[in-house]
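Quick notes on the structure that follows.
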2 protein chains.
Amino acid sequence: MNDETVKGLLRKAGLKVTNQRMMVLDIIASHPAEHLTAEEIYDLAKVNSPEIGLATIYRTVQVLLDLHVIDKVTFDDGFTRYELNGEESASGHRHHHAICTGCGKVYSLESDLLDSLEEEVMEKLGFLVTNHEVKLYGLCSECRKKNEKKEVMNREEREK
Amino acid sequence: MNDETVKGLLRKAGLKVTNQRMMVLDIIASHPAEHLTAEEIYDLAKVNSPEIGLATIYRTVQVLLDLHVIDKVTFDDGFTRYELNGEESASGHRHHHAICTGCGKVYSLESDLLDSLEEEVMEKLGFLVTNHEVKLYGLCSECRKKNEKKEVMNREEREK
DNA sequence: CTGATTGCAAATCATTTGCAGTCAA
DNA sequence: TTGACTGCAAATGATTTGCAATCAG
């Protein structure tokens with residue numbers, strides 16, 4: 001989805017194409033996989049437009065959410081984050097996230113392996129799935145290595 | 001998991017077994033699949049203990065979260081909700097939720113169909129999944145029926 | 001022009017925290 | 001007895017809102 005497409009969506013919705021709106025969109029688009037918070041978007045926006053207000057960021061992400069241009073994500077750290085909607089994936093479904101409980105790093109996954117789960121829900125509950133959100137919590141390879149080292153150290157400590 | 005088990009967990013953690021803590025636990029346990037908010041737990045607690053404070057609810061759910069007796073869930077409505085940890089399911093993994101975008105009702109699912117996804121993440125990223133959270137958004141059978149009716153009405157309206 | 005949008009500051013509202021009194025062990 | 005726990009009220013911090021000025025169409 002490019003700027004022009006979004007401009008079209010804005011107009012179709014009877015909304016105006018403003019510098020602030022396009023700037024927020026571009027900031028989110030140019031930081032893929034970074035899951036920016038409103039405050040982070042605000043700080044980046046201020047670099048080129050120091051007069052912009054934080055309220056504008058909040059109002060703009062709401063507009064972009066309504067247009068399904070972006071999606072909301074949270075990783076239980078008290079912040080709402082925003083990312084481009086993965087509309088490319090025919091299904092319209094969002095991608096998944098793997099969150100490391102060790103270092104907090106977030107990995108984005110593209111796999112769409114929930115089809116069988118969604119079919120099951122349709123059959124058993126008559127529930128039609130239109131979107132999903134998957135978060136995997138665990139340890140990334142780096143943190144697993146660190147943990148192993150720590151365990152070795154603890155063992156040596158104990159065996160003293 | 002019963003009261004006695006939790007009392008044991010509290011003692012093992014060097015924490016005290018208080019009426020407030022057991023009451024909050026019992027309220028959450030006796031409202032399965034209702035995904036209570038702190039405020040809702042507070043209102044239910046006040047029925048029998050009008051002097052209890054909301055801060056105690058927040059502090060208590062934090063303790064129960066630390067002990068992995070309960071889990072946190074959010075459905076993007078601005079509230080944090082709490083539910084008993086589905087520790088029964090050998091894997092220690094949480095169950096899934098299907099959230100109706102029509103009426104907001106939440107269905108709990110027990111299926112554990114993410115194994116292949118988790119294996120893939122392990123192979124490709126070296127990321128070890130220890131827990132996951134799955135939310136399916138869509139329309140429940142009731143709301144689908146309502147939508148169909150509405151569509152028929154719209155069509156009739158258009159064809160006038 | 002003119003209503004939508006913005007920036008600012010003040011308001012909201014869920015959650016957290018300090019503190020003095022209370023209670024479990 | 002005594003440190004952990006609780007209730008209360010005040011503080012915090014992300015997000016929202018009212019309003020006058022500004023801007024897109």
Side-chain angles (χ1 to χ4, degrees), chain A residues 3-4 6-25 27-28 35-67 69-70 72-82, chain B residues 3-4 6-25 27-28 35-67 69-70 72-82:
Chain A
D3 281 18
E4 291 312 313
V6 177
K7 286 183 187 171
L9 287 173
L10 283 168
R11 295 196 184 101
K12 196 162 56 176
L15 300 170
K16 294 186 175 174
V17 176
T18 65
N19 290 337
Q20 291 89 331
R21 283 173 180 167
M22 297 317 288
M23 191 189 315
V24 168
L25 170 65
I27 286 173
I28 296 175
H35 310 103
L36 300 174
T37 64
E39 201 84 32
E40 286 165 347
I41 297 171
Y42 178 50
D43 288 339
L44 289 168
K46 273 192 297 189
V47 173
N48 290 312
S49 301
E51 72 293 349
I52 200 169
L54 181 54
T56 301
I57 309 293
Y58 279 106
R59 283 187 282 232
T60 302
V61 292
Q62 190 52 61
V63 167
L64 296 177
L65 285 170
D66 292 344
L67 296 176
V69 171
I70 63 174
K72 208 193 274 197
V73 230
T74 51
F75 300 130
D76 288 331
D77 59 356
F79 294 93
T80 302
R81 295 162 183 284
Y82 306 91
Chain B
D3 281 17
E4 292 312 312
V6 177
K7 287 183 187 172
L9 286 174
L10 284 168
R11 294 195 186 103
K12 196 162 55 175
L15 300 170
K16 293 186 174 172
V17 175
T18 65
N19 290 336
Q20 291 90 332
R21 283 174 180 169
M22 296 318 288
M23 190 188 315
V24 169
L25 171 64
I27 287 173
I28 296 174
H35 309 102
L36 300 174
T37 63
E39 202 86 32
E40 286 165 346
I41 298 171
Y42 178 51
D43 289 339
L44 289 168
K46 273 192 298 190
V47 174
N48 289 312
S49 301
E51 72 293 349
I52 201 169
L54 181 54
T56 301
I57 309 294
Y58 279 106
R59 282 187 282 231
T60 302
V61 293
Q62 190 52 61
V63 166
L64 296 176
L65 285 169
D66 291 344
L67 296 176
V69 170
I70 62 174
K72 209 193 272 197
V73 229
T74 51
F75 301 129
D76 287 331
D77 58 356
F79 293 94
T80 302
R81 296 161 182 283
Y82 306 91

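By convention in this document, chain letters (A, B, ...) are assigned in the order of the sequence lines, proteins followed by strands, and residues within each chain are numbered from 1. Fair warning: this is a prediction, and the values are worked out from it, not measured in the lab.
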Practice task
If a pair satisfies salt bridge (Lys or Arg N to Asp or Glu O under 4.0 Å) and one of its residues is in residues 46-55 of chain A, list it, with sequence neighbours excluded.
Solution key: A:D43-A:K46

Problem - Any A:F79 side-chain heavy atom under 4.5 Å of A:T74 side chain - result: no

Practice task
Report the distance from atom CD of A:E40 to atom C1' of D:dT15, rounded to the nearest whole Å.
Solution key: 16 Å

Handout entry: Pair B:H35 + B:F75: ring centers closer than 6.0 Å
Key = yes

Using atom names, set out every protein N or O paired with an N or O of nucleotides 2-5 of chain C below 3.5 Å, distance rounded to 0.1 Å.
from, atom 1, to, atom 2, distance (Å)
C:dG3, N2, A:K16, NZ, 2.8
C:dT5, OP1, A:K16, N, 3.1
C:dT5, OP1, A:R21, NH1, 2.7
C:dT5, OP1, A:R21, NH2, 3.2

Which pairs would a plain distance check flag for residues 13-23 of chain B, meaning a side-chain donor or acceptor within less than 3.5 Å of a matching protein atom at least two apart in sequence or in another chain?
from, atom 1, to, atom 2, distance (Å)
B:T18, OG1, B:R21, N, 3.2
B:R21, NH1, B:K16, O, 2.8

Handout entry: Divergence of helical axes at both termini of the helix from C:dC1-D:dG25 to C:dA25-D:dT1 - five pairs an end, 10° steps
Key = 40°

Problem - B:T60 side chain vs B:T56 backbone, donor-acceptor pair below 3.5 Å - result: yes

Problem - Residue pair A:A45 / A:I57: nearest heavy atoms and the distance that separates them - result: CB-CD1, 4.3 Å

Exercise for the section: Could you pull out all residues at least two apart from B:Y58 that satisfy ring pair (Phe, Tyr, Trp, His ring centres under 6.0 Å)? Expected result: none

Problem - Touch class at under 4.0 angstrom, heavy-atom based, for A:T80 against every strand present - result: sugar-phosphate

Fill in the blank from the handout: Whole-Å distance, B:F79 CZ to D:dA14 P, equals 19 Å

Exercise for the section: Report the distance from atom CG of B:D77 to atom P of D:dT15, rounded to the nearest whole Å. Expected result: 14 Å

Problem - Heavy-atom donor-acceptor pair, B:Q62 side chain to B:R59 backbone, under 3.5 Å - result: no

Handout entry: Whole-Å gap separating C1' (C:dT15) and OH (B:Y82)
Key = 8 Å

Completion exercise
Taken to the nearest whole Å, CG/B:L10 to C1'/D:dA4 is 12 Å

Completion exercise
When rounded to the nearest 0.5 Å, the distance separating CD1 of A:I27 from CG of A:L44 is 5.5 Å

Practice task
Could you please spell out the steps behind the side-chain contact (heavy atoms from CB on, under 4.5 Å) verdict for A:Y82 and A:I41?
Solution key: CA-CA 9 Å; A:Y82 306 91; A:I41 297 171; 4.1 Å; yes

Fill in the blank from the handout: When rounded to whole Å, the CZ to P distance for the pair B:R81 and C:dA14 reads 12 Å

Handout entry: Residues within residues 51-64 of chain B bordering DNA chain C, heavy-atom distance below 4.0 Å
Key = B:L54, B:A55, B:Y58, B:R59

Fill in the blank from the handout: Closest heavy-atom pair, B:L36 versus B:I28, reported as atoms and distance to 0.1 Å, is CD1-CA, 4.4 Å

Handout entry: Between D:dC5 (P) and B:R11 (CZ): distance, integer Å
Key = 13 Å

Exercise for the section: May I have the distance from B:M23 (atom CE) to C:dC23 (atom P), rounded to whole angstrom? Expected result: 13 Å

Handout entry: 5' precedence on DNA chain D between B:S49 and A:E39 (nearest-nucleotide basis)
Key = B:S49

